[in-house]
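Since the structure comes first, as structure tokens, the remarks are kept for the end.
Just so it is clear: chains get the letters A, B, ... in the order the sequence lines come, proteins before strands, and each one is counted from 1.
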2 protein chains.
Amino acid sequence: MNVGPRSPDEVLSLLRARGDRVTTSRRAVVEALLAGDHHVTADEIAARVAADHPEVHRATVYRTLDRLEEVGVVTHVHLGHGPSTFHLNDRPHHHAVCSSCGGVVEVPLAALDGLAERLRADHGFELSTQHFALSGRCRTCA
Amino acid sequence: MNVGPRSPDEVLSLLRARGDRVTTSRRAVVEALLAGDHHVTADEIAARVAADHPEVHRATVYRTLDRLEEVGVVTHVHLGHGPSTFHLNDRPHHHAVCSSCGGVVEVPLAALDGLAERLRADHGFELSTQHFALSGRCRTCA
DNA sequence: TTCTATGCAAACGATTTGCAGGGAG
DNA sequence: CTCCCTGCAAATCGTTTGCATAGAA
């Protein structure tokens, strides 16, 4: 099922290949990302990192996540009003967020194919997947 | 086409009906909202209001928009990274935002019916329309 | 040695809040 | 005369940035 990098080293080697440097902080951020739940905020990563490396600054977490996104291993999604969440690109999907409990439902990419086609045909609009969340009410809250 | 309130008084009467007070500031905000483009940020409204009423504070603009949303005349939408935009509920629609130029394409509600049905069937998820923006590239930027 | 990446602090943009006074009903 | 609404200032939240220095290659 998972098609992307699964180990910190795998991810870090992508940075190295780009000419970037592999540092203790970056390793810690990547480890926190892999260890966490699929959708993690920068703050959650920072907290997890801080457990082992209290000196790593939030700014570094943000900068590292930025880089990882540029390299293409990571995607950030806006789930609603709160902070962005980050996740590996290993399992492409859309997000449906419950506005009541904040729960996230992962939606297969194909579910939006029809909409994408319609937007293309009617408005010449190329829907870019995965970066936006759908909002509504989940089963239990509705 | 437009089915909602079209004049400041119409909007303000909804507030009054709720027991709220109608003040100079609130009237100014409503007028700015009606005068503006369909999608306006709080800041744009504040600027427009300031032209005639320099004493009206940004906080009041936010508070008034909040109230109007509670009453159901106004909706705010997150178009992307920037500030929220507000618009009257007179012409329900979805929003597709170009991540490149920031342009907004208004998409008919029906365009998401299929998706909504699928989310309901597959995930028990009730898609709530109009509050989220779809992102992608518009015709000219793609 | 050479530069990139880091920590720190401060700035930032959007929005919210506590408070005491002003004004609508 | 009552309270709601307001202006103001300050706080908050998520995120970014300038700077001098540590540290990877």
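- Contacts of A:Asp20 with the nucleic acid, taken as non-hydrogen atoms under 4.0 Å apart, involve only primed sugar atoms and P, OP1 or OP2.
- Summary of the strand contacts: B:Arg21 and B:Arg58 both lie near DNA chain C, and taking for each the nucleotide with the nearest heavy atom, the more 5' one is attributed to B:Arg58.
- Residues A:Ser84 and A:His76 bring no donor and acceptor atom of their side chains to less than 3.5 Å of each other.
- Rounded to whole angstrom, the span from the OH atom of A:Tyr62 across to the P atom of C:dA11 amounts to 19 Å.
- Residue side chain B:Arg63 reaches the base of D:dG7 through a donor-acceptor N/O pair under 3.5 Å, judged by distance alone.
- Cluster annotation: B:Val107 is not connected to B:Leu79 through the hydrophobic network of ILVMFWY side chains, with a link wherever side-chain heavy atoms come within less than 4.5 Å.
- Using a 4.0 Å heavy-atom cutoff across all strands shown, A:Arg16 reaches sugar-phosphate atoms only and no base atom.
- Note on A:Tyr62: it does not cluster hydrophobically with A:Val56, by side-chain heavy-atom contacts below 4.5 Å among ILVMFWY residues.
- Residue A:Arg18 is out of contact with every strand shown, counting any heavy-atom pair closer than 4.0 Å.
- For D:dC5, its base never sits under 3.5 Å from the side chain of B:Arg26 at any donor and acceptor pair.
- One atom, NE2 of A:His57, and another, P of D:dG18, lie 16 Å apart when rounded to the nearest Å.
- Among the protein residues, B:Ser84 comes within range of the sugar-phosphate backbone only, with heavy atoms under 4.0 Å from sugar or phosphate atoms but none that close to a base.
- The nearest whole Å value for the distance from the CG atom in A:Leu65 to the C1' atom in C:dA5 is 14 Å.
- Below 30°, between 30° and 60°, or above 60°: for B:His93 and B:His39 the angle between ring planes is above 60°, a perpendicular geometry.
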